[in-house]
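Notes follow the structure.
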Amino acid sequence: MGLTVDHLQVCYRTLRGDVKAVDDVTFSIEDREIMGLAGESGCGKSTLGNSLVRMDVRMRQLGGHVELDGKELPISDSRAMRDFRFKEISIVPQYAMSALNPTRRVGRMVAELLKARGFDYKSALPELERRVKLVGLDADILKRYPIELSGGMKQRVVMVISTLLNPSLLIADEITSALDVSTQRAVGEMLLEFRDRNFVKTTMVITHDLSILAQVADTILVMYAGKLAEKAKADVVINNPLHPYTQLLISSLPDVGIRHDEHTLVGIPGRPPPLLNPPVGCRFRDRCPFAFDRCTDEPPFVEVKPGHSVACWLHADGALPSGGV
Amino acid sequence: MLVLDNVTKAFKTGTFGGGTLPAVRGASFEIRPGEVTSLIGESGSGKSTLGKMILRLTPVTSGTITFEGTDIATLKGKPLREYYRHVQGVFQDPFSSYNPVYRADRVFATIRHSYYPGVSADAWHERVDKTLESVGLNPVDVRDKFTHQLSGGQLQRILIARALLLDIKLLIADEIISMIDASTRVDVLNLLANLKTRGLGVLFVTHDLSLGNYISERTIILRRGAVVEMGATPKVFDNPQHEYTRMLLTSVPQLHKKWEAESGAEMEAMGATSPGQDRGRPGRYSKSSLHPLAGMRDRKGRRAQAALHEQDLAEGLLRTDTYLRTHEEVLPLVEIEEDHFVATSTGAR
Amino acid sequence: MTVLKTDEAAEKAGAPDAAVSAGSGKPRRFEFLYFALRNKKLLLGLSVVVLFVLFAVFGPLFVQHPMLNYYIPFRPPSSSFWFGTNYFGQDVFSEFVSGLRESLLVGLLGGCGATVIGMTLGFVSGYKGGLIDEALNVLCNIFLTMPVLVLLILVAGFLHHTSGLIEGILIACTTWTWSMRAIRAQTFSLVSRDFVGLARLSGEKSRQIIMREIAPNMSSYLLLVFILSFGGAILTAASLDYLGLGPTNGMSLGIMMQQASDWNSLQLHLWWWFVPPGAAITCIVGGLYLANVGLDEVFNPKLREL
Ligand SMILES: Nc1ncnc2c1ncn2[C@@H]1O[C@H](COP(=O)(O)OP(=O)(O)OP(=O)(O)O)[C@@H](O)[C@H]1O
Ligand SMILES: Nc1ncnc2c1ncn2[C@@H]1O[C@H](COP(=O)(O)OP(=O)(O)O)[C@@H](O)[C@H]1O
Ligand code: SF4
Ligand SMILES: [Mg+2]
Ligand SMILES: [Mg+2]
């Protein structure tokens, strides 16, 4: 069944007006799928992730709805969402690592968390210890304070805790960004392992690093300025991207073995538009090397090949008749 | 140009400075003009500490750093200021590199105030504009802006421009692209690589071997504060000899190639356990247990680390790490081929 | 993992807010005003304090009976003696006006002094770290553990002639500790930021770095520290005066309270003698405290409500 997000719109209320950080987003994640969400900073990735779990006081849902395993998620009702959080949906927020309470031993923290949700720590302990060992940590870690752990260890502990109740959906927001390559790899492989062992049903991995997604994701969703740009299987997005934004993003990554004197890569000039008053038409227009007159209208997000959807006028004519995702 | 000779740094730990943590152990290498030298290692391996020592932001415990023949530890007052005229740094977090109460271009005013008080405002403006253009920025885009109005890539480039306004010979770039967007990362990298055509030496600090390979001529691999392998980049990269270098290389996430399980023997050599074994994939997850403090890269983390030393909560892990740092022998570097050195106990393999 | 979402996440969430405000520096200031003008605590606290300050400044214009003249004692408030007369027949209103002026001045002196000392030591301690920091910390701990009031009593008793000036200096010299603590902690966290390192690479001297790089970042914090010190100093001065250790020949709110209690005003039902100074002290200190809480809410995006 997985997760279905339908025409979701979320904004932040500010003094100057609404910032539409997630604008008309439609997608779905199948069971056992790891979906990667990529895009530059400020594209609305975290906003999308957070809105599925916990709306901040300044966030408002303007439209759309979300279903998890066939059940409607009352995402704008923080109270009603309590029943889902942690049990059905878990999020590992950006900077979760540094947000662990430093004065509580890890085990005690888990106990409190479980108690608040009506579960018993004692009976969950064997499974907790098993999983802690599974990710390469000593069970002894439950007796430690978070500041005694390295960043990579903390990140793994946080992931074990958030998936302890086998949630249907795990949202992992930038969990590898602050880590060095070897720790990134350990955490990335852990995501795969958790999926293989059915600790989580569906996973959404948010990151701006496409090469991590190339390692762990089954499908990749690229966002740009609050809107969807492209969605397809991971290898399709990496090897045959259709949206100019995705193409430029990928060509700017220095892959292993490339040297500057032989092959100079280029970045994408400019930066994403502000979302307070986004430009009309295609939002990528002022940075897009292929922009043409039609791009002053907003391109629809349509399926152009089975399982491959794009929002770009260059490909809109080849849209499959069914449309949508 | 800049020579490090057996440089060591031991931080005092514990409330009354009881313990010590050897952050850098006997590092000796040279940074040459017209070359990018990359300094690579996991987090906590002492890369930033080395950079800070070169920039005189923290004193060395033992050993010497000489810049064009003078021991930099002796510099004070005016000579130190002259040293900074030639040696400058750019740091990891572009947002904390700017004082939030001022506009971003104040960094130029500070330079003028300290180094070019005689230059007229007009001439200075022109010079700043030219330098901004040389780092690929449009002066109009960045002038009079606050940091939150600029992107990470723009901010880092402004800092490089700031350094270029001086007669710099050496630039220390400490993980300067790890906090900026992938779309502008490569532009900053290219800019660094192009600096060498001006005859500058660049010390490029990173944890990602592929980035080091992309721009640098020489590579130095640091592990637990000690140099384990160094030499010409193509040699180190194409023919890595130390297990640690290989491990770093296989960990790099690649676009077109999945991580592959490395041989158990390699992991064993690194002294790690193999907890993923029950799935028949030895060595899974074990990488970062190589370094108990690996991964503490954020500011909070660093503070937490400091607190850790302070409160002496440091049982177990930290102790093993400190223990290893203190007792593990620093192996001598052996030249196994021309311009390729590896730390070994048994000599060349 | 809702439990994990704390400060850092909130901090991060606050930041983009500023990014949206693109334009020039103005929106920030505008935003500050916007939140300041809507904060009831700040407005209430500030208006109470401003009211008393105005009263102290312009009060002398309304004084009809000089303080040292004696009239009929025990007179309740009336149209000619607004606050009545005291046991000796002095005009309470004129006493109140000069007492208020004196108290505010001593408070200002003590508050400013404590803030300046605390700031200097806090900055130096936080910036230099190491041995200097440990030494200053020991000093701070000595002052912290010493019962300050007892010290003040000793010193005030030792000096035969105290004036408001001496009292203010004494207060400043003994109450700087907590402001130093607070400023030191803030400085510590700022020093670890990269812009301080870059300033050193630009050849700036320590003093310049503290004044130009660190202090401006703490301006709102310094204001809060000052306000609290100000309130604290007024309270300390009043307690000293009440104990009879105030200025030898002057008037202050504390001295009024002392005299009122010495001459049994409570038993004699001379409420107009002790209520005005008591109420004034309570209102000023309370107002400052309220303003402090309000300002904190305004400065801190995490506490803001839209
Ligand atoms: N509390 C807030 N108030 C107003 N606008 C906000 C707020 N939080 C985020 N935004 C805006 O919403 C947009 C999306 O932000 P979001 O944090 O979702 O980006 P992101 O894609 O996760 O970026 P990053 O890679 O930096 O984490 C940005 O334009 C940001 O400025
Ligand atoms: N100010 C400090 N006080 C104590 N220990 C420190 C300090 N700075 C760094 N260290 C320690 O020195 C080691 C090397 O740190 P660092 O140079 O920052 O590593 P890297 O930059 O390679 O991540 C780490 O173990 C770290 O905990
Ligand atoms: S719609 Fe036009 S501007 Fe937008 S990405 Fe496609 S070609 Fe570029
Ligand atoms: Mg985010
Ligand atoms: Mg570092």
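Reminder, nothing fancy here: chain letters follow the sequence lines and each chain counts from 1.
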Can you say whether [X] sits under 4.5 Å from chain C via the side chain, the backbone, both, or neither, judging by heavy atoms?
| X | value |
| --- | --- |
| B:Arg112 | neither |
| B:Tyr83 | neither |
| B:Ile111 | side chain |
| B:Leu166 | neither |

Can you give me the closest heavy-atom contact between [X] and [Y], atom names plus distance?
| X | Y | answer |
| --- | --- | --- |
| C:Gly197 | B:Phe91 | C-CE1, 4.5 Å |
| B:Ser97 | C:Asp194 | OG-CB, 3.7 Å |
| C:Arg200 | B:Arg56 | NH2-O, 4.2 Å |
| C:Phe195 | B:Tyr98 | CD2-O, 3.4 Å |

As a quick check of understanding, evaluate side-chain contact (heavy atoms from CB on, under 4.5 Å) for B:Asn99 and C:Asn217, giving each step before the final call. CA-CA 8 Å; B:Asn99 196 333; C:Asn217 267 296; 2.4 Å; yes
Output, in order, the C-alpha distance, side-chain angles, deciding distance and verdict of side-chain contact (heavy atoms from CB on, under 4.5 Å) for B:Arg162 and C:Leu198. CA-CA 10 Å; B:Arg162 165 190 169 278; C:Leu198 274 174; 3.6 Å; yes
Most contacts with chain B, counted as non-hydrogen pairs under 4.5 angstrom, among C:Ser219, C:Pro216, C:Ala199: C:Pro216
Are there more than 12 heavy atoms of other residues, nucleotides or ligands under 6.0 Å from atom OH of B:Tyr115? yes
Above 12 or not: heavy atoms from other molecules or residues under 6.0 Å from CG of C:Leu131? no
Anything in residues 201-209 of chain C with a heavy-atom distance to chain B below 4.5 Å? Please list those residues in order. C:Leu201, C:Ser202, C:Gly203, C:Glu204, C:Gln208
